[in-house]
Amino acid sequence: INRAQTTSVKVTKNWTDENDTPIGTGTEDDPRLPEEVDVVLYQRVVKADATEQNPNTDPGVPYGVYRLEKAKGWALDIENLPKTGIDGSGNIVTYEYTVKEVETENFVATNPTNWENTPETKITDENGATTTQDNTLIVTNKLKTLEVSVQKVWTETTTTKKPVDIVVKRYILDPDTQTKVVDNSFVGTTFKFTVEEATAATPVVKKAENLPIYGTITENGKTLTGAF
């Protein structure tokens, strides 16, 4: 009896905040994270040319949709995948796999740039010692950020204009009271507008970049999670 060869691949998801600091790795529940995320598994025939490894230039074809769950540590073994098959010309071919995430709200995903057709590889060095290389497909999700632009407009006359400081603050809506709660722990950007800028021919616009769009604050003993 000839049995088709099968294989499996490992998929893992990592999460970071806007500063690339890992989140959701401890034992405490992180309210910024969803309960589950779907990824699409792609299949293609193994390429002989190593320069064709990037899924962005050769995405392969969708094979199936799989779910990673917070409760399972954001890790998944996808098993019983075809390792070999027959192409349109009757030739035996070997398959390999990669994944791409279905979009997750408030996060931007960096999908893997590698293809795999086995969960691990045995490597033997020149002394005959064997080690195991883990061939995990890793998807990293980074908290999205936004950019705030500020322009100060003076209504005073030129002789009465004064320097002005404008501080960026952030708020979260309290769903119980429908009021905005200021995040007092947030050290916002301070824009300093000078008198020279007030009299400039072209309006001066200043920007604060990489501000998180979603997070958690604790004020007056109450924890709020949502969009800033």
Side-chain angles (χ1 to χ4, degrees), residues 9-41 53-56 65-78 98-116 119-120 132-150 165-176 180-192 205-228:
V9 295
K10 296 180 179 180
V11 183
T12 298
K13 173 170 289 300
N14 295 333
W15 302 88
T16 73
D17 64 12
E18 65 280 3
N19 298 311
D20 295 316
T21 301
I23 59 177
T25 58
T27 56
E28 294 184 4
D29 184 43
D30 192 320
R32 291 173 292 183
L33 304 186
E35 294 297 322
E36 55 193 28
V37 170
D38 289 340
V39 296
V40 180
L41 183 71
Q53 273 295 307
N54 195 330
N56 294 323
V65 178
Y66 296 83
R67 180 158 293 174
L68 286 85
E69 302 177 25
K70 180 195 297 187
K72 297 181 179 179
W74 301 113
L76 177 67
D77 288 339
I78 305 176
T98 195
V99 292
K100 291 184 180 180
E101 180 186 301
V102 178
E103 184 176 356
T104 301
E105 185 179 12
N106 301 316
F107 287 86
V108 58
T110 300
N111 292 300
T113 57
N114 57 305
W115 293 84
E116 301 296 346
E120 58 187 27
T132 300
Q133 173 183 294
D134 194 10
N135 298 331
T136 301
L137 296 166
I138 301 174
V139 180
T140 300
N141 284 67
K142 183 176 180 177
L143 195 65
K144 289 181 180 178
T145 59
L146 55 80
E147 177 183 284
V148 173
S149 298
V150 176
D165 290 351
I166 298 178
V167 180
V168 176
K169 296 184 178 182
R170 70 183 186 190
Y171 303 80
I172 283 182
L173 182 68
D174 186 333
D176 296 330
K180 292 182 179 179
V181 180
V182 65
D183 181 3
N184 292 313
S185 67
F186 175 63
V187 181
T189 300
T190 300
F191 297 105
K192 294 182 177 294
V205 177
K206 301 189 178 185
K207 297 180 180 180
E209 301 176 325
N210 297 321
L211 300 174
I213 67 170
Y214 186 85
T216 299
I217 68 172
T218 300
E219 292 295 330
N220 300 321
K222 186 175 184 178
T223 299
L224 301 171
T225 299
F228 293 124

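In this chain, numbering begins with 1 at the start of the sequence shown.
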Quick one: side chains of residues 68-75, donor-acceptor pairs under 3.5 Å with protein atoms, not counting sequence neighbours, listed by atom name and distance.
{"residue": "Lys70", "atom": "NZ", "partner": "Asp29", "partner atom": "OD1", "Å": "2.8"}
{"residue": "Lys70", "atom": "NZ", "partner": "Glu35", "partner atom": "OE2", "Å": "3.3"}

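Side-chain contact between Val168 and Phe191 is present, with heavy atoms from C-beta onward closer than 4.5 Å. Contact annotation: the side chain of Asp174 approaches that of Lys222 to within less than 4.5 Å [non-hydrogen atoms, C-beta and beyond]. In this structure, Pro112 and Val99 have side chains that are in contact, with non-hydrogen atoms separated by less than 4.5 Å.
Between Lys144 and Glu103, at least one side-chain N (NZ, or NE/NH1/NH2) sits under 4.0 Å from a carboxylate O, which counts as a salt bridge. A salt bridge between Asp165 and Lys192 is present, with a side-chain N of the basic residue lying under 4.0 Å from a carboxylate O of the acidic one.
Rounding to the nearest 0.5 Å gives a distance of 11.0 Å between CG of Leu146 and CD of Glu209. Interatomic distance, NZ of Lys13 versus CG of Leu76, reported as 11.5 Å (0.5 Å rounding). Here Ile172 contributes atom CD1 and Lys180 contributes atom NZ; the two are 12.5 Å apart, rounded to the nearest 0.5 Å. One distance of note links CG of Asn114 with OG1 of Thr136; it measures 9.0 Å at 0.5 Å rounding. To the nearest 0.5 Å, the span separating CG on Leu33 from CD1 on Ile23 amounts to 5.0 Å. With rounding to the nearest 0.5 angstrom, the CG atom of Asn111 is 8.5 Å from the CG atom of Asn141.
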inquiry  = Go through it in stages, so that I can follow the logic: the residues are Tyr66 and Val9, the test is side-chain contact (heavy atoms from CB on, under 4.5 Å), and I'd like the CA-CA distance, side-chain angles, deciding distance and then a yes or no.
reply    = CA-CA 12 Å; Tyr66 296 83; Val9 295; over 6 Å; no

key: Stepwise side-chain contact (heavy atoms from CB on, under 4.5 Å) check, Val37 with Glu101   = CA-CA 8 Å; Val37 170; Glu101 180 186 301; 3.5 Å; yes

request  = Show the numbers, then the answer: is there a side-chain contact (heavy atoms from CB on, under 4.5 Å) between Val40 and Val65?
outcome  = CA-CA 5 Å; Val40 180; Val65 178; 4.2 Å; yes

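Residues passing the salt bridge (charged side-chain N to carboxylate O under 4.0 Å, His left out) test with Asp17: none are found, sequence neighbours excluded. Lys207 pairs by the salt bridge (charged side-chain N to carboxylate O under 4.0 Å, His left out) definition with Glu147, not counting sequence neighbours.
Between Leu143 and Glu18 the shortest heavy-atom distance is CD2-OE1, 3.4 Å.
Evaluated for a side-chain hydrogen bond (donor to acceptor under 3.5 Å, both in side chains) with Lys142, the options Thr16, Asn19, Thr21, Asp20 yield exactly one hit, Asp20.
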